Amino acid sequence: MSLSPAHPLTSQAPARKIRVLVVDDSAVIRGLVTRWLSGEADIEIVGAAVNGKDGVDHAEKYKPDLIILDIEMPVMDGVTALPAIRKVAPNARVIMASTLTQRGAEVTIKALAAGASDYIPKPDASQLAGAADYKRELLAKVRSLGARAVSASNLSQTYSSAVSGSSAARAAATAGPTLRAVTHKLIPEAIFIGSSTGGPEALREVIEGLAGKLRVPVFITQHMPPMFTKILADHLTKQTKASVVEASDGMQALPGVFYIAPGDRHMIISRNLSVTRITLSDAPPENFCRPAVDPMFRSAAETYGEKALAVILTGMGQDGLLGAKPLVTKGAQLIAQDEETSVVWGMPGAVARAGLATACKPIQQIAPAILNVMRGVSV
């Protein structure tokens with residue numbers, strides 16, 4: 001998955017390595033992950049802990065930028081350790097290492113709700129040596145989240161300098177995305193949301209603000225493996241009181257229902273007269289992802305055109321950018337989450353920088369903005 005470009009201002013500050021703490025009770029996994037990461041020029045391993053209690057102590061001592069935290073450990077498990085780690089190292093990003101099991105999925109979703117930035121499905125220890133996909137995903141997430149932590153302080157320093165400097169420097173420090181003008185105000189007949197890293201909590205915020213207030217279906221592609229998406233749908237239903245379901249092949253879409261693409265299947269939307277149906281596809285991954293946002297957006301352009309509303313929330317990479325182009329060409333509006341409230345401003349940043357977004361909002365304002373569009377009001 002390609003990573004989001006660095007903020008234009010962060011290049012002005014001296015680069016430093018991403019400081020990583022690995023917490024895992026498996027010596028095999030801990031050693032392999034440590035070797036992988038320490039072999040990268042831009043990453044530094046500051047410590048390795050064997051359980052959650054040691055992880056808390058290491059986090060307090062070393063103040064890492066990023067922590068890879070195993071879920072299942074003796075003495076103190078990862079979920080128990082997470083709030084303590086966030087207390088002693090509040091600026092560190094945390095990636096939960098989860099097994100591909102129902103329990104692993106359930107615990108991971110709870111950890112994301114408790115403040116973890118992301119997760120990574122952990123393969124069996126006996127298969128790790130050849131897990132090229134796992135290594136690629138791990139490095140991408142470490143770099144994306146770790147760079148975000150590193151650049152936050154650099155950006156703050158750059159902005160402080162700009163405040164006391166020239167007007168041009170101040171303008172550069174506060175520059176925002178290029179927004180596209182809305183040429184019409186057709187009421188959308190369906191909403192399409194794409195999200196990835198940080199998405200579960202962003203989705204909770206948005207769905208909570210829309211629950212019981214929509215008369216159109218909402219289609220969601222969140223980058224997640226099988227089993228996780230069903231757990232996420234159930235979790236969001238309990239949290240928001242909305243009807244959130246994992247989509248199934250041939251399912252008819254109903255107004256006011258939120259449909260999440262299942263793990264490892266692309267979600268394609270079609271419509272015959274007044275009936276909208278969901279088709280699940282095993283087509284190759286796009287942007288290293290299945291489900292991916294791009295195929296959902298392309299089907300939205302074909303099915304709804306200018307009567308679709310697209311939303312891109314926090315996420316690593318640029319999935320959704322190519323699919324957004326035909327939507328925008330057809331006249332659809334697109335709302336992107338802003339950089340400040342995104343865990344990673346990759347996906348929303350890609351469409352914002354490309355001039356495809358009609359609005360760029362903090363996560364707390366996304367649901368109100370959607371409701372305004374549904375009422376024909378400018379956002």
Side-chain angles (χ1 to χ4, degrees), residues 1-7 18 20 37 43 65-69 71 78 82 86 91-98 104-105 108-122 133-152 193-207 220-225 228-229 231-232 235-236 260-261 263-264 285-294 296 311-321 336-353 360 362-363 366:
M1 184 181 294
S2 57
L3 302 182
S4 58
H7 192 287
I18 300 167
V20 178
L37 298 182
I43 299 172
D65 300 309
L66 184 136
I67 301 168
I68 301 170
L69 182 61
I71 288 179
L82 178 60
R86 285 178 53 77
N91 296 324
R93 269 58 172 182
V94 179
I95 298 176
M96 304 302 296
S98 169
T108 298
I109 298 300
K110 290 179 181 178
L112 293 173
S117 297
D118 203 359
Y119 70 98
I120 185 165
K122 186 171 67 173
D133 289 343
Y134 176 67
K135 180 179 180 180
R136 175 194 57 76
E137 184 177 3
L138 178 66
L139 287 171
K141 291 190 174 189
V142 166
R143 285 194 169 104
S144 186
L145 289 166
R148 176 85 168 169
V150 171
S151 66
I193 302 176
S195 56
S196 184
T197 309
E201 274 303 287
L203 288 170
R204 179 199 58 75
E205 178 90 28
V206 172
I207 293 173
I220 300 167
T221 289
Q222 161 70 38
H223 296 161
M224 273 190 163
F228 281 61
T229 43
I231 301 297
L232 176 63
H235 189 72
L236 289 172
I260 296 182
D264 206 31
E286 298 188 28
N287 306 295
F288 297 104
C289 300
R290 190 170 65 192
V293 180
D294 278 337
M296 180 182 72
V311 180
I312 297 189
L313 304 178
T314 174
M316 183 174 64
Q318 58 180 22
D319 187 24
L321 174 62
Q337 186 175 346
D338 73 349
E339 183 173 12
E340 184 176 354
T341 63
S342 294
V343 173
V344 177
W345 206 54
M347 288 165 51
V351 295
R353 293 188 182 100
C360 191
I363 189 61
I366 297 287

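Since the model is a prediction, treat every value here as computed from it, not as a measurement.
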Hits for side-chain hydrogen bond (donor to acceptor under 3.5 Å, both in side chains) against Thr221, two or more places apart or cross-chain, chain-then-number order -> none

d(Lys141 NZ, Ile68 CD1) to nearest 0.5 Å is 11.0 Å

Query raised in the report: Considering only heavy atoms from C-beta outward, does the side chain of Ile366 approach that of Glu205 to under 4.5 Å?
Result: no

side-chain contact (heavy atoms from CB on, under 4.5 Å) filter on Ala292, not counting sequence neighbours, yields His266, Glu286, Cys289, Pro295, Asp319

Taken in chain and number order and not counting sequence neighbours, the residues that satisfy side-chain hydrogen bond (donor to acceptor under 3.5 Å, both in side chains) with Asn91 are none

Nearest heavy-atom approach of Pro348 to Gly315 is CD-N, 4.0 Å

On a heavy-atom basis, the closest approach of Leu66 and Gly146 is CD1-N, 3.8 Å

Leu112 and Pro200 have their tightest heavy-atom pair at CD1-CG, 3.7 Å

Interatomic distance, CZ@Arg204 vs CD1@Ile109, rounded to 0.5 Å, equals 13.0 Å

Below 4.5 Å, heavy atoms only, C-beta onward: do Ile207 and Ile220 meet side chain to side chain?
-> yes

Rounding to 0.5 Å, atoms CZ (Arg93) and CG (Leu69) come to a distance of 16.0 Å

Scanning both residues in full, the closest heavy-atom pair of Pro362 with Asp338 reads CA-OD1, 3.3 Å

NZ of Lys135 to CD1 of Ile120, rounded to nearest 0.5 Å, is 12.5 Å

Closest non-hydrogen atoms of Pro121 and Pro225, given as atom of the first, atom of the second and distance, are CG-CG, 3.9 Å

Residues at least two apart in sequence or cross-chain that pass side-chain contact (heavy atoms from CB on, under 4.5 Å) with Thr229, listed by chain then number, are Met224, Glu246, Ile260, Pro262

Those residues at least two apart in sequence (or on a different chain) that pass side-chain contact (heavy atoms from CB on, under 4.5 Å) with Ser98 are Ile71, Thr108, Phe228

By salt bridge (charged side-chain N to carboxylate O under 4.0 Å, His left out), Asp65 pairs with (sequence neighbours left out) Arg16

Do the side chains of Pro291 and Met296 get nearer than 4.5 Å, heavy atoms only? no

Closest heavy-atom pair, Ala202 versus Gln337, reported as atoms and distance to 0.1 Å, is CB-OE1, 4.1 Å

Residues passing the side-chain hydrogen bond (donor to acceptor under 3.5 Å, both in side chains) test with Thr314, sequence neighbours excluded, are none

Within a strict 4.5 Å, meaning less than it, do heavy atoms of the Cys360 and Trp345 side chains meet?
yes

Original post:
Are His223 and Phe288 close enough that some pair of their side-chain heavy atoms sits under 4.5 Å apart?
Top reply: no

Here the gap from Arg353 atom CZ to Gln318 atom CD, rounded to the nearest 0.5 Å, amounts to 10.5 Å

Thr197 meets the side-chain hydrogen bond (donor to acceptor under 3.5 Å, both in side chains) criterion, sequence neighbours left out, with Asp118

Tell me whether Arg148 contacts the main-chain N or O of Ser342 through its side chain, where contact means a donor paired with an acceptor under 3.5 Å. yes

Check the pair Leu321, Asn287 against side chain to side chain contact (heavy atoms under 4.5 Å, CB included), reporting the backbone distance first and the verdict last. CA-CA 10 Å; Leu321 174 62; Asn287 306 295; over 6 Å; no

Those residues at least two apart in sequence (or on a different chain) that pass side-chain contact (heavy atoms from CB on, under 4.5 Å) with Ala113 are Glu201, His235, Gln239

Do the non-hydrogen side-chain atoms of Leu139 and Ile43 ever get within less than 4.5 Å of each other? yes

For residues Val206 and Val311, determine if any side-chain heavy atom of one lies less than 4.5 Å from a side-chain heavy atom of the other. no

